[in-house]
Each structure stands twice: as C-alpha cells, then as structure tokens.
Enquirer: 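First, the structure itself, so that you have it in front of you.
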Amino acid sequence: LCEALAQAGVSVGLSKETATELARATIIGASGLLETSDQSAADLRKAVTSPNGTTQAALDVLMASDGLAALMGKAAQAAKTRAEQLSL
C-alpha cells in the first residue's frame, strides 16, 4: 500500500523522496490513529476527511464499487486460491 501510494505521488509530479515521505507519513499516521482509538476505521476516516477536499476527491475513487475494496477482494481470493494449491 505504501509503495503504491508513493508511486502514485511520483506519477502526479512529486519527487520520489517527497512522495515516499508523504506515503510513509500517511500510513504511519493512519496506523497510529487505528492503534490508539476505539473508533472504527470508517469513523476515523470520516472524522479526518474535509468535505470537498483533496482527500475526499481521492476517497471518491478509492471507495467506488471498482475501487480499493474490490481490489483487496481479488487479492484475498488470489492468496486463498494459492494457499489451497500449496496445501495439496
């Protein structure tokens, strides 16, 4: 996830160093919030997202029906299928 986020930053014009730093800070910050809060991930996301801001624009893409949840589902299925193959 961090790698993909950094690569996306580079693709929109950030230097590799800046994109990597921002991606790491994003992942570390989100992880810290999840670790120290008893709120759900969805509630935390809503609490830190400014309406009509840049994060909201990105989330509109990520939360679409063909977005991150669909991709994670495909990844989980691929891992499950491979685990089943390896257990034969």
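Computed from heavy atoms alone, side chains included, the values below leave out hydrogens, waters and symmetry copies.
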Enquirer: Looking only at heavy atoms, what is the nearest atom pair of A70 and S65, with distance?
Expert: CB-O, 3.6 Å

Enquirer: How far apart are the closest heavy atoms of C2 and A23, and which atoms are they?
Expert: O-CB, 3.7 Å

Enquirer: Would you say that more than 12 heavy atoms from the other residues, nucleotides or ligands in this model lie under 6.0 Å from the CG of L71, or not?
Expert: yes

Enquirer: Once you round to the nearest 0.5 Å, how far does CG of L34 lie from CD of Q39?
Expert: 10.0 Å

Enquirer: For D60, is the CG atom crowded, meaning more than 12 foreign heavy atoms sit under 6.0 Å from it?
Expert: yes

Enquirer: CG of L86 to CD of E84: how many Å apart, nearest 0.5 Å?
Expert: 10.5 Å

Enquirer: Is a donor on one side and an acceptor on the other found under 3.5 Å between the side chain of T18 and the backbone of L14?
Expert: no

Enquirer: Between L5 and L68, is there shared hydrophobic-cluster membership here, with clusters defined by ILVMFWY side-chain heavy atoms closer than 4.5 Å?
Expert: no

Enquirer: Just how far is it from atom CD of E3 to atom CD1 of I27, taken to the nearest 0.5 Å?
Expert: 11.5 Å

Enquirer: How far does CE of M63 sit from CD of Q56, to the nearest 0.5 angstrom?
Expert: 9.5 Å

Enquirer: Any chance you could lay out the side-chain hydrogen bond (donor to acceptor under 3.5 Å, both in side chains) test for T81 and Q77, step after step, and finish with the verdict?
Expert: CA-CA 6 Å; T81 298; Q77 185 59 54; 3.2 Å; yes

Enquirer: Say you draw a straight line from CD of Q7 to OG1 of T20; how long is it, rounded to the nearest 0.5 Å?
Expert: 9.0 Å

Enquirer: How long is the straight-line distance from CG of L33 back to CD of E35, given to the nearest 0.5 Å?
Expert: 10.5 Å

Enquirer: Counting N and O atoms only, with roles assigned by atom type, does the side chain of S50 sit under 3.5 Å from a partner on the main chain of G53, one being a donor and the other an acceptor?
Expert: no

